[in-house]
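These notes concern the structure reproduced below.
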Amino acid sequence: MENATGAAPSRPGSRIHRRRAALAPYAFLTPWLLGLLVFVLGPMAASLYLSLTDYNFLQPPTFLGFDNYIRMFTSDPRYLKSVQVTALYVAVSVPLQLIFALGLALLLDRAIKGASIYRAVFYLPSLIGTSVAVAVLWRTVFGQDGLVNAALGVIGIESTTSWVGSPDTALLTLIALNVWTFGSPMIIFLAGLRQIPRSYYEAAEVDGAGAVRRFASITIPLLTPIVFFNLILQTIYAFQAFVPAYIVSNGQGGPADSTLFYTLYLYQQGFTNFQMGYASAMAWTLLVAIALVTGLNFLLSRYWVFYADGAR
Amino acid sequence: MSAEIADAPPARSTRTQRVVLQVVLAVLALAMIYPLLWMFMSSLRENDSIFSDASLALRNLTFDNYVRGWDAQQFPFSRYFVNSIVVTTAVILANVVACSLTAFAFARMSFRMKPVLMAVMLMTIMLPEHVTIVPQYVLFSELGWLNTFLPLTIPKLFATEAFFVFLIIQFMRGIPQEIDEAAAIDGCGPFATYRRIMLPLITPALATTAIFSFIWTWNDFFRPLIFLTDNSLFTVPLAVRLFVDIGGTDWGALFAMSILSLVPIFLFFVFGQRYLIRGIATTGLK
């Protein structure tokens with residue numbers, strides 16, 4: 001980690017010089033420190049306080065204690081629905097996305113013509129996956145007259161379902177969208193695969209290990225830290241998904257709240273109903289949930305993540 | 001983690017394996033970009049033939065959608081593009097300067113608070129913006145900044161995009177420490193070392209920062225949605241969404257403007273691919 005060893009110039013001389021050198025790092029950090037206080041830590045403290053209040057932006061907040069948090073879990077069915085929708089979305093789309101990412105990375109790791117073009121094509125959706133344009137596209141592709149039904153028609157299945165318009169399938173379309181953006185974890189897998197020394201494979205081959213054995217005993221174990229890294233990142237991203245649900249459902253989270261993502265409900269409460277205390281409580285609950293899931297992942301990683309240097 | 005994906009020796013394959021692989025990859029790649037290609041072709045078709053034509057055939061093409069779509073909202077799209085360009089340019093400049101300054105302190109200088117501050121910086125990467133958005137809204141409202149571009153740009157001057165700080169730190173770690181020491185012996189102060197020695201050496205990391213800044217800011221919907229309510233200030237994503245609002249959607253015009261909204265991203269993607277891939281591989285940014 002640490003390779004910075006006193007970069008401050010060791011000019012021979014006075015205490016003033018040394019003091020100035022000691023202050024120099026803080027001079028560089030001043031903008032960041034100010035930003036941290038004004039735009040991050042300050043607002044965090046404020047939102048923690050607001051989460052304990054009833055606040056509609058126009059009148060000063062009135063203190064409620066933990067009422068917002070209690071209300072969420074006991075008397076707000078839409079909140080619980082948004083938790084359920086988001087949990088399902090994260091639990092299904094992230095593993096699928098990582099499976100695609102790993103599969104494609106393994107294929108692209110081989111010497112083949114046009115590998116860089118494939119890499120670009122597979123990666124592109126990651127870049128635009130959260131754009132309004134793509135969400136709009138998804139709305140039509142999975143609509144009643146959309147591409148999906150047309151493609152089903154080609155293979156002989158007549159379907160007039162509007163996939164985005166039906167409560168049973170609307171969430172599936174958003175899961176598909178997230179899976180479609182597997183390019184960014186794929187790139188990380190590729191970088192990880194190229195880190196594995198070829199000599200390991202050669203040695204295994206000399207010892208008579210077949211392709212399957214080499215994959216199971218070398219590739220997979222050595223890749224587990226990368227799998228873990230991708231899992232953590234993509235889970236955190238998925239918890240915060242917003243734009244596709246907003247566009248597909250006109251900001252409503254419909255049909256029948258089936259795409260009421262957590263962040264969408266938070267937005268509705270905070271910025272259309274101006275229940276800003278409640279929205280703040282939702283935000284803190286989200287932060288705690290993400291921290292818990294990340295922490296749980298770290299705990300579980302002891303059992304499946306393998307570090308070549310033996311570190312745990 | 002090495003980012004030099006292209007240079008490492010790849011695994012070997014037999015001839016048949018290669019053929020099968022090519023077919024599989026080609027089919028998958030086509031399936032993945034088909035919706036985008038279809039949207040592009042649909043943007044060139046009359047509204048009534050869009051949904052009857054799931055193919056990419058080059059027939060009955062017209063530019064009407066682009067002409068109609070450009071002026072379909074309260075303001076012409078030139079207005080929305082200018083708004084987006086102003087915001088993204090400001091964010092790029094702010095991120096490059098502020099994040100490289102911060103990264104320089106963390107990567108190249110030693111100070112007592114470093115481990116603590118570094119940990120705080122890394123944690124802010126993971127912080128969902130929802131936790132700070134309500135108080136930020138109140139703050140910007142008090143400052144009279146609602147319905148201006150200031151909430152979208154000013155925070156970036158203070159290196160609030162910690163991802164880029166992390167990215168630049170990772171890059172700076174690959175630069176030999178002796179360079180700073182030589183600069184110091186030659187009489188460079190820390191700021192001169194940063195500006196004259198380090199900045200030129202980290203241009204690839206700055207390019208990555210600039211490209212991701214562009215794409216994220218250009219795509220951003222959540223913050224403009226919250227801070228901008230005056231149509232004349234809308235960025236491109238907000239303007240594209242206006243089509244969805246109206247009942248009986250003009251799909252052709254919507255697709256045409258959607259395609260236009262993606263063009264700058266495609267351009268940055270094509271010209272910055274090398275930097276994007278490297279950025280992804282080292283830090284996992286999306």
Side-chain angles (χ1 to χ4, degrees), chain A residues 3-4 6-9 24-25 28-29 31-32 34-35 39-40 43-44 46-47 50 107 109-112 118 120-122 124-128 130-133 136-137 141 145 147 150 184 187-188 190-191 194-195 198 233 236-237 240 242-243 247 263 266 270-271 276 279-280 283 286-287, chain B residues 1-3 5 8-11 13 18 21-22 25 29 32-33 35 38-39 51 54 98 101-102 104-105 107-111 124 126 128 130-132 134-136 155 158-160 173 177 180 184 190 215 219 221-222 226 237 240-241 244 254 258 261-262 265 269 273 277 280-281 284 286:
Chain A
N3 67 3
F28 277 84
L29 287 178
W32 174 74
L34 281 175
F39 299 113
V40 184
M44 279 178 81
S47 91
L50 287 178
L107 293 183
D109 189 39
R110 323 209 125 243
I112 85 163
Y118 287 125
V121 168
F122 291 131
L124 178 64
S126 286
L127 276 188
I128 56 173
T130 60
S131 70
V132 169
V136 157
L137 173 64
V141 162
D145 307 315
L147 269 188
S184 129
I187 298 289
I188 301 172
L190 263 174
R194 296 290 160 88
Q195 289 282 88
R198 294 295 156 197
L233 274 185
I236 292 173
Y237 290 139
Q240 298 174 60
F242 174 77
V243 177
I247 297 296
T263 53
L266 190 156
F271 296 96
M276 290 186 150
S280 301
L286 175 69
L287 181 63
Chain B
M1 190 188 302
S2 164
I5 293 170
S13 325
R18 278 203 297 273
L21 197 58
Q22 281 288 351
L25 287 174
M32 279 198 67
I33 53 164
W38 176 78
M39 177 160 75
F51 290 104
L101 272 175
T102 311
F104 184 77
R108 311 299 280 194
M109 304 170 109
S110 57
F111 49 99
T124 61
M126 299 296 173
H130 312 87
V131 177
T132 55
V134 167
Q136 281 194 17
F158 298 90
T160 44
R173 283 189 169 147
Q177 197 68 39
D180 306 33
I215 290 172
N219 269 340
F221 180 70
F222 188 64
I226 284 169
V240 170
R241 191 195 85 90
V244 185
L254 169 57
S258 293
S261 79
L262 291 176
I265 295 179
F269 173 61
Q273 223 207 99
I277 301 284
I280 293 280
K286 204 155 191 176

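Here the structure is a predicted model, which means the values were calculated and not measured. Below, chains carry the letters A, B, ... as their sequence lines are ordered, and counting in each starts from 1. Just so you know, these numbers use all the heavy atoms, side chains as well, and skip hydrogens, waters and symmetry mates.
- Within the 4.5 angstrom heavy-atom criterion, atoms from both the backbone and the side chain of Leu107(A) approach chain B.
- The shortest heavy-atom contact between Phe269(B) and Leu127(A) is CD1-CD1, 3.4 Å.
- Proximity to chain A (any heavy atom under 4.5 Å) is shown, for Leu25(B), by both the backbone and the side chain.
- In terms of non-hydrogen atom pairs under 4.5 Å with chain B, the most contact-rich of Ile236(A), Val141(A), Leu147(A) is Leu147(A).
- Counting only heavy atoms from C-beta outward, the side chains of Leu137(A) and Trp38(B) approach each other to under 4.5 Å.
- No other option in Leu254(B), Ile226(B), Thr160(B) has as many heavy-atom pairs under 4.5 Å with chain A as Ile226(B).
- Considering CD of Gln273(B) and CG of Leu124(A), their distance stands at 9.0 Å, rounded to 0.5 Å.
- Heavy-atom distances place the side chain of Phe271(A), and not its backbone, under 4.5 Å from chain B.
- Each of Gly270(A), Pro25(A), Pro125(A) has some count of heavy-atom pairs under 4.5 Å with chain B, and the biggest count is that of Pro25(A).
- For Ala29(B), the parts sitting under 4.5 Å from any heavy atom of chain A are the backbone and the side chain alike.
- Looking at heavy atoms from C-beta onward, Thr263(A) lies out of side-chain contact with Phe222(B) at the 4.5 angstrom threshold.
- Only the side chain of Thr124(B) comes within less than 4.5 Å of a heavy atom of chain A; its backbone N, CA, C and O stay farther away.
- When all heavy atoms of Ile112(A) and Leu21(B) are compared, the closest pair comes out as CG2-CD2, 3.2 Å.
- Side-chain atoms of Leu233(A) and Met126(B), non-hydrogen and from C-beta on, do get closer than 4.5 Å to each other.
- Of all the heavy atoms in Val134(B) and Ala279(A), the pair that sits closest is CG2-CB, 4.3 Å.
- No side-chain donor-acceptor contact under 3.5 Å links Thr132(B) to the backbone of Val40(A).
- In this structure, chain B has heavy atoms under 4.5 Å from both the backbone and the side chain of Ala24(A).
- Contact count versus chain B (heavy atoms, under 4.5 Å) is highest, among Ala46(A), Ala283(A), Ser280(A), Pro31(A), for Pro31(A).
- Across all non-hydrogen atoms, the minimal contact from Leu262(B) to Ser131(A) is CD2-OG, 3.8 Å.
- Considering all non-hydrogen atoms of both residues, Phe28(A) and Ala105(B) come closest at CB-CB, 3.7 Å.
- Heavy-atom minimum distance, Pro128(B) versus Gln240(A): CA-OE1, 3.4 Å.
- Gln22(B) has its side chain within reach of Tyr118(A): a pair of non-hydrogen atoms, C-beta onward, lies under 4.5 Å apart.
- Residue contact with chain B, scored on non-hydrogen atoms closer than 4.5 Å, involves the backbone and the side chain of Ile128(A) alike.
- The residue among Val243(A), Leu50(A), Val132(A) with the most heavy atom pairs within less than 4.5 Å of chain B is Val132(A).
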